[in-house]
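Encoded as structure tokens, the structure appears first; notes follow it.
Numbering of residues begins at 1 and proceeds along the displayed sequence. Values in this document were obtained by computation on a predicted structure and should not be read as measured data.
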Amino acid sequence: MKRNIVIAVVTAAALVGGGTATALAVSGDDDDASTPVTRTDDDRDDRDDRDDRSDDGDRAAAPGDVTAADAIAAALKHTPGTAVSAELDDGSWEIDVLGKGDTWHSVRVDPGTGKVLGSSKDDEDDAAEVRAALKGTSVTAEQAAKAAAAKGTVVSVDLDDDGDDRGWEAETRASGGDGQDWSVGLTTASVTADRDDD
């Protein structure tokens with residue numbers, strides 16, 4: 001009976017404490033005095049707490065030493081073409097590059113070192129639309145990222161090719177974590193606050 005109580009108490013303590021407990025009850029007979037031996041391993045796994053982040057939390061993270069413009073330059077050096085978007089997501093920069101024909105490349109760049117972590121290729125059907133939106137423009141994604149950097153830390157740059165208000169859309173984060181959306185002109189690189197009420 002005493003042994004069952006000791007095991008129940010140790011198990012409850014392990015569950016409440018969040019650690020791992022191993023209980024050994026050493027006894028010969030229920031009437032004899034039992035000597036419980038308990039070993040606890042209090043190495044808690046805090047990864048779950050760190051991994052409970054939303055996409056916005058990931059994007060709010062500082063990009064390290066590699067800016068959006070730097071990441072775009074690294075991606076284009078690795079995969080020639082036209083950069084159409086860059087986003088700090090899941091711990092790396094992801095840059096979409098339009099290559100020859102309808103070929104798209106997604107290039108991942110380390111935000112701390114600027115090294116290309118990998119790339120993948122896709123065939124998309126909107127390449128003609130993107131090329132049409134960029135026709136006659138003089139501001140690249142890299143230049144748009146540099147222009148928006150005057151407003152805060154750039155965490156994304158994306159081509160808005162819809163309607164008459166075509167341009168680059170940039171999102172910045174202030175040091176306090178507040179985000180702001182900006183529009184960057186395709187020919188002037190002028191930066192204005194995005195008033196879109198989507």
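For the atom pair CG of L134 and OG1 of T82, the computed distance is 6.5 Å after rounding to the nearest 0.5 Å. One distance of note links CD of E94 with CG of L117; it measures 10.0 Å at 0.5 Å rounding. Here OG of S183 is found 14.5 Å from CZ of R166. Values are rounded to the nearest 0.5 Å. To the nearest 0.5 angstrom, D161 atom CG is 7.0 Å from D126 atom CG. The structure places CG of D70 at 9.0 Å from CG of D65, a figure rounded to the nearest 0.5 Å. Rounding to the nearest 0.5 angstrom, the gap separating the OG1 atom in T79 from the CG atom in D96 is 11.5 Å.
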List the steps, then state whether side chain to side chain contact (heavy atoms under 4.5 Å, CB included) holds for V116 with R108.
CA-CA 6 Å; V116 172; R108 290 183 310 110; over 6 Å; no
Where do L159 and L186 land on the side chain to side chain contact (heavy atoms under 4.5 Å, CB included) test, with the steps shown first?
CA-CA 9 Å; L159 176 65; L186 288 172; 3.9 Å; yes
Test D158 against W168 for side chain to side chain contact (heavy atoms under 4.5 Å, CB included), laying out the working first.
CA-CA 6 Å; D158 191 22; W168 294 105; 5.9 Å; no
Is there a side chain to side chain contact (heavy atoms under 4.5 Å, CB included) between V109 and I95 once you walk through the steps?
CA-CA 8 Å; V109 176; I95 296 89; 3.8 Å; yes
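When all heavy atoms of A127 and D102 are compared, the pair lying nearest together is CB-OD1, 3.5 Å. Across P111 and S92, no two heavy atoms sit closer than the pair CD-CA, 3.8 Å. The minimum heavy-atom distance linking A147 with A189 is given by the pair CB-O, 3.7 Å. Considering every non-hydrogen atom in both A148 and V184, the closest pair reads CB-CG2, 4.4 Å. Here the closest non-hydrogen pair linking V97 and G81 is CG1-CA, 3.8 Å. Nearest approach of V154 to A145, heavy atoms of both residues: CG2-O, 3.5 Å.
No salt bridge links E129 with R131; every basic N to acidic carboxylate O contact stays at or beyond 4.0 Å.
Judged purely by distance below 3.5 Å, without hydrogens or angles, the side chains of W182 and T172 pair a donor atom with an acceptor atom.
Side-chain contact between S120 and H105: absent, with no pair of heavy atoms (C-beta onward) separated by less than 4.5 Å. Using a 4.5 Å cut-off on side-chain heavy atoms (C-beta onward), R173 and D178 make no contact. Between V66 and D110 there is no side-chain heavy-atom pair separated by less than 4.5 Å.
Among residue pairs with one or both ends in residues 138-148, those qualifying as salt bridge (Lys or Arg N to Asp or Glu O under 4.0 Å) are E142-K146; sequence neighbours excluded.
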